[in-house]
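Throughout, protein chains are lettered first and strands after them, A, B, ... in sequence-line order, and every chain is numbered starting at 1.
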Amino acid sequence: MSSATPSAPDPDAGLLSRTKAIPAIGPVLVLLAFCLVFAITNPRFLAPHNLSIILQQTIVVGTLAIGQTLVILTAGIDLAVGAVCVLGTIVAGKLVNLGYDPMLSMLFAVILCTLSGLVAGALVSRLDLPPFIVTLGTLGILTAALRLISKGGAFPVQDDFLGLTGNTFRVGSFVLTYGVLAMLLLYAVVWYLLNETRWGRHVYAIGNNPEAARLVGIPVRLHLLQVYALAGLIYGITAWLALGRIPNADPNALQTANLDSITAVVIGGTSLFGGRGGLVGTLIGALIVGVLRNGLTLAGIDPLWQDLVTGILVIVAVAFDQLSRRRR
Amino acid sequence: MSTLTATPETRGADPGRNVLEARNLVKSYGHVVALDGVDFELRAGEILAVVGDNGAGKSTLIKTLTGAVVPDSGEILLDGQPVHFKGPLDARHRGIEAVYQDLAVAPALDIPSNLFLGRELLSLGLLGSVFRRLDKRRMREEAERAMAELKFRLPSIASRVENLSGGQRQGVAVARAAVFARKLVIMDEPTAALGVRETGQVLELIRNIRDRGLPVVLISHNMPNVFELADRIFIMRLGRRAAVVSPKTHTMADVVAIMTGAVKVEAG
């Protein structure tokens, strides 16, 4: 033991703990392992064209997983990620098809998604309801309501502004969309919020020990409300990105968004018990889910197997989290 | 600029001066009278232990002093000025910090983050004012300085609190209070959750805080600890001040006898 003076040798600064200090190292290894397996089994996997498609396929789940990360960091969980995003696509699509201004329609849809998050946050923070139940209820309500509004069916959304994020540009032999850029930009902004500001520090503190956070004067309830509202805002923006991917508003879309986004978050090293983890891991986690689904599709395997494997993945990731928690 | 008030306002003040004073505090919950006209004074530079049996009114007294409870009547004077705390934040703004029995730290965050929790330092200039950026380096340096000044030994300032022993963790919570308190620190059973050796570390830290000039109110059930640390012992019984004694003139048996009512003492 050395005293905490600046000149004292720092036993924590060894190579091993440096590696431990990069929490995303585990997920990166998993991602590389999956890529290796798929690259060996199918030479087309590593083609720039296919890698571009993986990135584009990751946009929706990857962006939803940002909001999911925020909620899980506060020791909550969001089972309505997909439903809120679909709410955004249906509302924006309906309004545009009715002849309203596309930009205002999208804005209105994003605001609606934010409000949905705000309501969930209010129920969680003011009434102390379990996030699991609040968002499960929201999922049920939204799914039914959206099917009623759209009379059960999907409808095409042909509009330049709503489809804007699907526009492509080339980087070398890679084809990227503006949606990919938007996703990465959102990751950067929320990463900054979480890691470099008081607001983010308090998200971790609340997830870690809400009682301690309250004792040092952090307005815990207000903070939770903000987290859920920000998550809703992110799901709303995802709706715009989703319309860029597929110009179709479908009340039955994104059924696996819960599974995929939660898998991305926990496989990225964020603890379901709150207060540990972060967005770098989530981005890797989302890529893992994307690579897995893409690789299995390339191999010609039934999509149901993808859900099955993702299901196994999420359980394994949580088991790791639980075991390392027990060791603490 | 130091946000960490290295020198408490109470340092060097003439010893014996009352930093915190309460007169005739009364608080009842329904028919239960928790405080029945309590007088209290904390002097500059002392550790004042508050002892009493369960239900004697210790925690209600402490809660009135930290602003968590508003007394029905009576007055509280801080540095001779009457104060009316509306809540714990109010008391904190006036320089009173509290430490609780359960470890009020965020285990996954490092020591500087815990020390500055809720009072994080922002970068200077636009980075801080517009982009609200944390100044992690300055927080680390200030944390190192504070820990060195309190002579509290830690493996590394960058350690996550969960990697510390129980005594070191509570040490972080105690140091946080000491570093931000301008007037006094109130500690409610700070060692109750700790083992013998770890308790020793925290007791030493409390003594260092007193030696830096910050007066401490220590609530404890542990008589040996109380006799090891306290300059004066404030004994409560049945919502009243039974006696204030010195550990130099009274034994543990005396204090227990006063606590349980076996011996009556003129209040004073």
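- Evaluated for a side-chain contact (heavy atoms from CB on, under 4.5 Å) with B/Lys151, the options B/Asn208, B/Asp211, B/Leu205 yield exactly one hit, B/Asn208.
- Interatomic distance, OG1 of B/Thr191 versus CG of B/Leu218, reported as 7.5 Å (0.5 Å rounding).
- Atom CZ of B/Arg137 sits in a sparse spot, with 12 or fewer heavy atoms from other residues, nucleotides or ligands closer than 6.0 Å.
- A salt bridge links B/Arg207 to B/Glu228: at least one charged side-chain nitrogen sits closer than 4.0 Å to a carboxylate oxygen.
- Annotation: side chain of B/Val38 is in contact with side chain of B/Phe234 (closest heavy-atom distance under 4.5 Å).
- Taking chain A as the reference chain and counting heavy-atom pairs below 4.5 Å, the highest number among B/Gly118, B/Ala108, B/Ala98 is found for B/Ala108.
- Contacts with chain B (heavy atom to heavy atom, under 4.5 Å) involve these residues of residues 186-206 of chain A, listed by number: A/Tyr192, A/Asn195, A/Glu196, A/Thr197, A/Arg198, A/Arg201, A/His202, A/Tyr204, A/Ala205.
- Looking at B/Lys136, the atoms closer than 4.5 Å to chain A (heavy atoms on both sides) all sit in the side chain, from C-beta outward.
- What you find for A/Pro27 and A/Ile267 is that their closest heavy atoms are CG-O, 3.4 Å.
- Separating the CG atom in B/Leu150 from the CZ atom in B/Arg212 is a distance of 5.0 Å, to the nearest 0.5 Å.
- Both the backbone and the side chain of B/Leu117 come within less than 4.5 Å of a heavy atom in chain A.
- Atom CZ of A/Phe320 sits in a sparse spot, with 12 or fewer heavy atoms from other residues, nucleotides or ligands closer than 6.0 Å.
- Using a 4.5 Å heavy-atom threshold, the side chains of A/Val124 and A/Leu129 count as separate.
- In this structure, a donor-acceptor pair under 3.5 Å is absent between the side chains of B/Asp90 and B/His84.
- Remark: the A/Thr282 side chain and the A/Thr69 side chain contain an N/O donor-acceptor pair separated by less than 3.5 Å.
- Proximity to chain B among residues 215-233 of chain A is limited to A/Leu215, A/Val216, A/Gly217, A/Ile218, judged by heavy-atom separations below 4.5 angstrom.
- In this structure, chain A has heavy atoms under 4.5 Å from both the backbone and the side chain of B/Pro107.
- Within the 4.5 angstrom heavy-atom criterion, no atom of B/Arg140 approaches chain A.
- For the set B/Arg176, B/Arg132, B/Glu97, B/Arg133, the entry with the most heavy-atom pairs within less than 4.5 Å of chain A is B/Arg133.
- More than 12 heavy-atom neighbours from other residues, nucleotides or ligands sit within 6.0 angstrom of NZ on B/Lys58.
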